[in-house]
Amino acid sequence: MELPFAESYKIKMVETIKRSTREEREKWIKEAKYNLFNLRSEQVFIDLLTDSGTGAMSDKQWGAIMLGDESYAGASSYYNLKNQIKELLGFEYFLPTHQGRAAENVLFSALVKEGDIIPGNSHFDTTKGHIEFRKAKAVDCTIDEAFDTEIDHPFKGNVDIEKLENTLKKYPVEKIPFIILTVTCNSSGGQPVSIENMKAVRKVADKYGIPVIYDSARFAENAYFIKIREKGYENKSIKEIVHKMFSYADGMTMSSKKDAIVNIGGFIALRSEELFKKATVFNIMFEGYITYGGMAGRDMNALAQGLDEGTEFDYLETRIKQVEYLGKRLTDFGIPVQKPYGGHAIFVDAKKFLPNLPKEQFIAQTLGVELYLEAGIRGVEIGTLLADRDPETHEERYPALELLRLAIPRRVYTNNHMDVIAVALKNVFDRRDKITKGFQILSEAPIMRHFTVELKRV
Ligand SMILES: *Cc1c(COP(=O)(O)O)cnc(C)c1O
């Protein structure tokens, strides 16, 4: 008999979580104005709000924390991280930042100016925010397949090379400071980009003389998918694939809170000394001195260790198989979810789940509240609340997809938790015909409203 799969780690420290009653949850979610962000963590049994900064560090990472060097300049922790970045990712220069968006802020301060165009696959919201804040424009060149949840394409994060080349032809070269490639592509559902596509992007970029920057939060999960799905890479190690991926990039921004399995941190890594020097000025201004830039020495140490662990096949296999396990259980119950399953999350297609609900009543948010009421599970709406109003007309922008994202923290929950999530969602699915009313807005902020919006039942 074939041995079943099991996690590539055992548990050394635990944190208690508490179940609650439906009555308690009714009261709490009402007090939270039906906004899941307003709940206290004690009011949540299984927290799938995000996989960002919510991972469990290893014994070796906690050990590295104790060895942190807190010297203002020239700390050993800085050199430790610098060596790891050089060895694993191949970049000579790096700047630590306090998280991913800070890396974007620093690098874009050096590169982006008003009127610029930044093409890429679906830009992450903070990336887009930092582009638009500088009155520049993000142009989405993702392949069309990415926008259909039913199509099973192995690399839905890929750039459509024709769309990219058309964009590069349309604008003068000096208006395009770089191309940004998000690996994996968060906004299209944690979908990977293939090496073949990275090569093709590089080729077009070289033709026009434009640098390529990777937004790299989930680069290791991307490498895992390449190993599993792309011909020619099945016998390569994750670290070899990672090296190959970044060989097509001129630089990267990183949110270490994802694939580097730390609770806070980020960095910029670059090949060009000139650009490094330019960015350094902004890093010192916004983040901190060159050798700590927004991070404590201990956190840089944990990050260096996390980069190593996060690019080990056994860890990644455990991680991705857990996400896949949840996806399969939901699919077996007939629940509509995005295919293929993403690296860090399962996306429930809320429009298909609740077809009778009008779009004006926030379909994915309604599903999120129902799942919370059912079992104390917190997901996050990726739908109309997040899409926000049109900045000019202030009309609601209804996105093509209404998704409930169930993001799985790294090394935190067991498959028993996945079973609870699957059955809870099935119970909601079984009573979906009775869910005929959604929500309306009581109050909302002028931008990024989803974090603080207050709702009431229709
Ligand atoms: C999380 C994330 C960011 C922003 O990083 P923070 O650490 O949250 O500031 C940028 N890009 C991608 C793809 C991300 O997933």
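Scope of the values below: all heavy atoms of this structure, side chains included, with no hydrogens, waters or symmetry mates. For ligands, and for the atoms within them, numbers begin at 1 and follow the listed sequence.
Counting protein heavy atoms only, atom 15 (O) of ligand 1 is closest to Lys258 NZ, 2.8 Å. In this structure, the protein non-hydrogen atom closest to atom 7 (O) of ligand 1 is Ser255 OG, 2.7 Å. Closest protein heavy atom to atom 4 (C) of ligand 1: Thr126 OG1, 3.5 Å. In this structure, atom 11 (N) of ligand 1 lies nearest to the protein heavy atom Asp215 OD2, 2.8 Å.
Counting atoms of ligand 1 from 1 in the listed order, those under 4.0 Å from a heavy atom of Lys257 are 7 (O). Near Gly100, the atoms of ligand 1 lying under 4.0 angstrom from a non-hydrogen atom of the residue are 5 (O), 6 (P), 7 (O), 9 (O). Near Thr182, with a cut-off below 4.0 Å to any heavy atom, the atoms of ligand 1 are 13 (C). Atoms of ligand 1 found under 4.0 Å from any heavy atom of Glu104 (numbered from 1 in listed order, with element): 10 (C), 11 (N).
Results of the side-chain contact (heavy atoms from CB on, under 4.5 Å) test with Phe37 over Glu381, Arg378, His450 single out His450 as the only residue that passes.
Judged by the 6.0 Å distance and 45° axis criteria, Lys82 is not positioned over the aromatic ring of Phe94. A cation-pi arrangement is found for Arg411 relative to Tyr315, the charged atom lying closer than 6.0 Å to the ring centre and inside a 45° cone about the ring normal. Cation-pi geometry between Lys239 and Phe219 is not satisfied (NZ or CZ under 6.0 Å from the ring centre, within 45° of the ring normal).
By the 6.0 Å contact criterion, NZ on Lys227 is enclosed, its count of non-hydrogen atoms from other residues, nucleotides or ligands being greater than 12.
Within the 3.5 Å criterion, the main-chain N or O of Gly232 finds a donor-acceptor partner in the side chain of Glu234. In this structure, Arg134 contributes its side chain and Glu114 its backbone to no donor-acceptor pair below 3.5 Å.
Heavy-atom proximity to atom 10 (C) of ligand 1, evaluated over Tyr214, Phe219, Phe124, is greatest for Phe124.
For Arg218, a nitrogen or oxygen atom sits less than 3.5 Å from a nitrogen or oxygen atom of ligand 1, counting backbone and side chain alike. The shortest N/O to N/O separation between Ala217 and ligand 1 does not fall below 3.5 Å.
Of all the heavy atoms of Arg101, the ones lying under 4.0 Å from any atom of ligand 1 are found in both the backbone and the side chain.
There is no side-chain donor-acceptor pair under 3.5 Å between Gln338 and Asp349.
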